[in-house]
Amino acid sequence: GAVVSQHPSRVICKSGTSVKIECRSLDFQATTMFWYRQFPKQSLMLMATSNEGSKATYEQGVEKDKFLINHASLTLSTLTVTSAHPEDSSFYICSASGRELSFNTEAFFGQGTRLTVV
Amino acid sequence: ELKVEQNPLFLSMQEGKNYTIYCNYSTTSDRLYWYRQDPGKSLESLFVLLSNGAVKQEGRLMASLDTKARLSTLHITAAVHDLSATYFCAVDRGKTSGSRLTFGEGTQLTVNP
């Protein structure tokens, strides 16, 4: 399968600061990337969908001004958590799907980023 | 709104036993995925089921999809301790295979010696 790399794997930040998480597709062109959030002992919830070169589409209830998503190239999407608060502490996971036919039925997940806001 | 329900949510079983995890979903979709998640880790893809009647097997795990019943099953045969993990099913909401996934609640499986 294809490789999706997320960075950093863990980050601790102070309340009120911003944190950027990167999601890279290493060996394919990711036309679409997805950002999910997972609270402890819970399932994954889709936050937003980003297509290369266009604005992200956010799911209902997700604040677009708080969770800034940029998908400037076919191999990189970033999620910036602005003015983070302790309730934003969560496991953030990206996935990516590509234009090649063999990739057209599945998205590939990054390793996840554990964000802790203190 | 698409809803995906798994049961059971918690499963404790003995090594060597068989069991089935069920995944029901509420609207039409013909793309269903099963994932495994170990504590503190991301998702590991297990199966991609793309059509009605699809059946896939890998080792002690077998997954099937019935799109008419909107039901998928993950069957565990002769469980071993290494299978202990949380298992998620997910349904693709996208019109194309963009993988906008709605996940079930997850089934936390513990296999006891």
Report the distance from atom [atom1] of [X] to atom [atom2] of [Y], rounding to the nearest 0.5 Å.
X	Y	atom1	atom2	answer
B:Thr86	A:Lys41	OG1	NZ	7.5 Å
B:Arg100	A:Ser95	CZ	OG	11.5 Å
B:Ser45	A:Phe109	OG	CZ	8.5 Å

task: For A:Gln38 and B:Phe88, run side chain to side chain contact (heavy atoms under 4.5 Å, CB included): C-alpha distance rounded to whole Å, both residues' side-chain angles, the deciding distance at 0.1 Å, then the answer.
output: CA-CA 12 Å; A:Gln38 184 181 32; B:Phe88 290 96; 3.7 Å; yes
Can you tell me if [atom1] on [X] sees more than 12 non-hydrogen neighbours from other groups inside 6.0 Å?
X	atom1	result
A:Glu87	CD	yes
A:Lys66	NZ	yes
B:Met13	CE	yes

- prompt: Is chain B contacted by the side chain of A:Glu59, its backbone, both, or neither, given a heavy-atom distance below 4.5 Å?
  reply: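 For A:Glu59, the side chain is the part near chain B, not the backbone.
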- request: Work out which heavy atom in B:Gly40 is nearest to a heavy atom in A:Arg114; give both atom names and the distance.
  value: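 Reported closest heavy-atom pair: CA-NH2, 4.0 Å.
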query: Counting only N and O atoms by type, is there a donor-acceptor contact under 3.5 Å from the side chain of A:Ser43 to the main-chain atoms of B:Gly104?
result: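 A pair under 3.5 Å: yes.
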Following the transitive rule for hydrophobic clusters with a side-chain heavy-atom cut-off under 4.5 Å over Ile, Leu, Val, Met, Phe, Trp and Tyr, establish whether [X] and [Y] coincide in one cluster.
X	Y	answer
B:Val48	A:Leu46	yes
B:Leu2	B:Leu49	yes
B:Leu46	B:Val4	yes
B:Trp34	B:Met62	no
B:Tyr33	B:Tyr22	no

A:Tyr36 vs B:Leu43, side chain to side chain contact (heavy atoms under 4.5 Å, CB included): CA-CA, chis, key distance, verdict: CA-CA 11 Å; A:Tyr36 293 86; B:Leu43 301 180; over 6 Å; no
Region of B:Gln6 that comes under 4.5 Å of a non-hydrogen atom in chain A: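 When you check distances to chain A, no heavy atom of B:Gln6 falls under 4.5 Å.
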- prompt: Quick one: of B:Lys41, B:Gln108, B:Gln37, who has the most non-hydrogen atom pairs under 4.5 Å with chain A?
  reply: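 Heavy-atom pair counts peak at B:Gln37.
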task: Please test A:Leu44 against B:Tyr35 for side chain to side chain contact (heavy atoms under 4.5 Å, CB included), starting from the C-alpha separation and ending with a verdict.
output: CA-CA 11 Å; A:Leu44 283 79; B:Tyr35 296 94; over 6 Å; no
